[in-house]
Amino acid sequence: MLQMVVCVKQVPDTAEVRINPRTNTLVRAGVPAIINPYDAHAVEAAVQLKEKYGGQVTALSMGPPQAEEVLRRALGMGADRAILLSDRAFAGSDTLATSYILAAAIRAIGRETPVDLVFCGKQAIDGDTAQVGPGIATRLGFTQLTYVMAIDGVDLEKGQIQVQRKLEGKREVIRGRLPALLTVVKDLNELRYASLPALIRAARATITTWSKDDLDLDPASIGLKGSPTSVRRIFAPPARPGGELIPGDPRQAAAILVAKLVQTKIIADK
Amino acid sequence: MTTVSNAEYRGVWVFIEQVAGEPAPVSWELLGAGRQLADALGVELAGVLLGQGVAGLVSEAWAYGADRVYLVEDPVLGPYRTAPYARALVELVQRYRPEILLLGATSLGRDLSGAVATALGTGLTADCTGLNIDPATRLLEQTRPVFGGNVMATILCQRHRPQMATVRPRVMPLPPRQEGRQGELVRVGIALKEEEALATVLKVIEEKGKAIYLDRAEIIVAGGRGLGSRENLRLLEELAGVLGGTLGASRAAVEAGWLPPEYQVGQTGITVRPKVYFAIGISGAIQHLVGMQNSEVIVAINKDPEAPIFKVATYGIIGDFQEVVPALTEEFRRQLAARSA
Ligand SMILES: Cc1cc2nc3c(=O)[nH]c(=O)nc-3n(C[C@H](O)[C@H](O)[C@H](O)COP(=O)(O)OP(=O)(O)OC[C@H]3O[C@@H](n4cnc5c(N)ncnc54)[C@H](O)[C@@H]3O)c2cc1C
Ligand SMILES: Cc1cc2nc3c(=O)[nH]c(=O)nc-3n(C[C@H](O)[C@H](O)[C@H](O)COP(=O)(O)OP(=O)(O)OC[C@H]3O[C@@H](n4cnc5c(N)ncnc54)[C@H](O)[C@@H]3O)c2cc1C
């Protein structure tokens, strides 16, 4: 039996986010909100382990009330229950404060049955920091296993998990002690399509909401106040100054360009 | 607990990343960036080297600009595991109190920095592309792309120390190596126990035949959806062959299955900084640009004069790549031969 928690974040579809160049503010209107793509793979991984070893999967999200949507998505994929952490006091949390709040919720879940595994995505596609997973692992004292691309197996008796981590040009096979926190990449699995009954069950399920008062939290460590980093300004990416168009038919243009690159010794003979 | 005022934190630190004694080049790039920050603040630049049997890298760190190197050697630090590395780095920071700590935004650097910043209770800015000191406040201004590269943000860590940041490989230029430059060495012993490592590395499998050196390539010939088919890659291979370059790809070309994901340049791929980047049949989406706009020279070949890639290209040729690329290959062959003759 494995007690598992999956952290899922609702994110804007970043392909659609833009900066208004006049006001230097984010244009978020009309941008669809989705489940962070890596987190969907994290849910799938937990559900697969449940099918193999038995256990329970809790989906956990911090966000505004509409983040319920991503929790229903997780339920449709096979999570057993969902908890939403929602409170105005959480707004503006950076990764240090976010991991503090999520870790407190995982501790609360663990008071019912101790948690063996926590899953996160490799990173969220909006903030893109990849810092929340390591933050939670550090706060809980769990074994930290990032960039997991395969789960070889869990040995419940010995309290161990063996995974493969995706590194630059390499794959690392590593065995870690439970409890552990995994952050996962997309190679880990193929997402399943939720069945119709599962979707109906997910749509009807009640989602537990916890506010700051339901958790054991130091008010100085959450939200803007609990966040050491602050955004000083946001702006559109600076354009690299454009250069020169080379005229002529392909042969002429090629001759001119090659002469420029060879003469300036940018491309030299080896 | 006694509180330490920010003024007691001094100096700029760079984490020297190594795996099995092999240094990650981003470490030297960070020493270059760190040198400028340290000079702006009028403080020392130090490298932090953790591992086993890695003392040989100390002189390299000096040569790339470190005034001092903190070295912790311990068998537990042989293969990288988060817990002992984080413990050692946290202890060093608590003992010597740097005001700034930089790490590479590699998988190892991101794994470690998130754990260390949390244990220290300080701020961490991810994946920076720009670092600057505000002379008025002496604060580190950390600029990074967010929302998939569509937006840039400048982040501050005002009240907590050290100010921590990770920086993507190849974003900062490699500083010149000053052969024979000497610095100070501080060896530190930290009591580490194997049981506290929590994990055992069983094996490391090299993924063979992949473009793992793309981020160090000097010449990249990259293709996009405009190639139309995998067969057309041959034209790019011929050009790359003449120049001793490496192939690269946009995400569209990877998704079409023409090249494996390891070749993808951009926000969700690799950041590159070659001398010359050929963008062939690539439109120039922002997510692609963030991965290659630091190239010294960008050559764009595209049949659409309105393609955004022309806005960043040093040189652009409007035309069908099926005609332009073979003409380039032939011209390079001719002109390079003429030069060496
Ligand atoms: C412009 C901008 C720049 C920012 N830059 C920084 C910065 O440099 N440093 C910093 O500390 N903060 C930064 N933040 C704040 C940061 O985005 C938030 O703290 C955010 O809540 C978590 O960070 P992330 O999106 O990077 O998540 P990541 O750390 O990339 O997320 C990894 C995984 O953690 C889990 N997770 C993350 N958030 C949640 C959640 N709310 N609920 C459930 N699971 C979750 C998911 O499994 C996710 O896949 C920035 C915010 C903005 C708007
Ligand atoms: C979150 C997120 C992350 C992303 N990450 C990345 C990333 O890391 N890297 C990346 O590349 N993309 C990334 N993308 C995708 C990106 O937005 C673009 O969709 C992608 O870069 C487009 O690839 P392309 O330029 O090859 O294709 P297109 O945009 O389709 O451009 C093809 C170009 O080829 C030209 N062309 C066609 N035929 C010819 C011809 N015969 N001769 C010459 N020119 C021709 C066309 O004029 C056109 O400009 C990401 C997107 C999102 C949302």
Side-chain angles (χ1 to χ4, degrees), chain A residues 14-15 17-19 26 94-96 99 125-131 133-135 137-139 143-144 146-147 167-177 228-237 239-240 242-246 250-251 253-255 257-262 266-267 269-270, chain B residues 82 106-107 110-111 114-115 117-119 122-127 146-148 150-160 198-207 210 212 243-244 275-276 286 293 297 299 310-319 323-324 327-328 331-332 335-336 339-340:
Chain A
T14 53
V17 178
R18 288 281 177 283
I19 279 272
L26 283 183
D94 73 354
T95 59
L96 192 73
S99 63
I125 61 167
D126 53 347
D128 253 349
T129 66
Q131 290 168 192
T138 302
R139 291 184 184 279
T143 306
Q144 176 177 322
T146 49
Y147 304 103
L167 306 177
E168 290 87 353
K170 282 181 299 216
R171 212 157 17 114
E172 178 187 87
V173 184
I174 185 167
R175 194 166 57 213
R177 200 184 298 165
T229 65
S230 58
V231 180
R232 160 166 283 192
R233 69 184 187 111
I234 54 172
F235 53 101
R240 184 185 159 114
E244 139 182 28
L245 275 182
I246 304 200
R251 306 203 124 270
L257 175 66
V258 170
K260 280 178 187 291
L261 293 177
V262 173
I266 284 179
I267 290 183
D269 199 13
K270 302 160 289 23
Chain B
T82 314
T106 56
S107 50
R110 285 178 148 212
D111 184 276
T118 307
T122 192
L124 171 60
T125 305
D127 248 357
V146 283
F147 297 106
N150 286 319
V151 176
M152 303 295 292
T154 301
I155 313 271
L156 297 181
C157 175
Q158 290 178 273
R159 302 187 314 273
H160 297 68
L198 302 179
T200 313
V201 177
L202 303 174
K203 88 183 141 180
V204 176
I205 302 158
E206 298 283 331
E207 310 271 79
K210 296 196 170 171
I212 50 173
L243 299 175
K275 282 187 169 166
V276 187
I286 185 71
Q293 61 195 2
V297 169
V299 176
F310 287 124
K311 295 214 180 76
V312 301
T314 325
Y315 302 112
I317 297 180
I318 298 167
E323 295 168 24
V324 178
L328 276 178
E331 273 299 324
F332 272 122
Q335 294 198 32
L336 288 174
R339 267 192 93 83
S340 57

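Lettering of chains follows the sequences in order, A, B, ..., and the numbering in each one begins at 1. What you see is a predicted model, and the numbers here were worked out from it, not measured in a lab.
For chain B, the nearby parts of A:L245 are the backbone and the side chain; heavy atoms of each come within less than 4.5 Å. If you measure heavy-atom distances from B:T314 to chain A, the contacts under 4.5 Å come from both the backbone and the side chain. B:V312 touches chain A through backbone and side chain together, each having a heavy atom under 4.5 Å away. With a 4.5 angstrom heavy-atom cutoff, B:A117 touches chain A only via backbone atoms. Heavy atoms closer than 4.5 Å to chain A are found in both the backbone and the side chain of B:K203. In this structure, chain B has heavy atoms under 4.5 Å from both the backbone and the side chain of A:L167. Looking at B:A313, the atoms closer than 4.5 Å to chain A (heavy atoms on both sides) all sit in the backbone: N, CA, C or O. Contact of A:A137 with chain B is not made at all, since no heavy-atom distance falls under 4.5 Å.
Put simply, the side chain of A:V173 does not reach to within 4.5 Å of the side chain of B:V201, judged on heavy atoms. Annotation: side chain of B:D111 is in contact with side chain of A:Q144 (closest heavy-atom distance under 4.5 Å). Counting heavy atoms from C-beta outward, A:L257 and B:L328 have side chains that approach closer than 4.5 Å.
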Derivation of the side chain to side chain contact (heavy atoms under 4.5 Å, CB included) call for B:Y315 and A:L261: CA-CA 10 Å; B:Y315 302 112; A:L261 293 177; 4.0 Å; yes

Verdict with supporting geometry, A:T229 and B:T125, side chain to side chain contact (heavy atoms under 4.5 Å, CB included): CA-CA 7 Å; A:T229 65; B:T125 305; 4.3 Å; yes

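Annotation for B:E331 and A:A254: closest pair CG-C, 4.0 Å, computed over non-hydrogen atoms. Scanning both residues, A:T143 and B:A199, for their nearest heavy atoms gives CG2-CB, 4.3 Å. Scanning both residues, B:D127 and A:D128, for their nearest heavy atoms gives OD2-O, 4.4 Å.
A:E168 and B:S107 share a donor-acceptor pair across their side chains, judged by distance under 3.5 Å alone.
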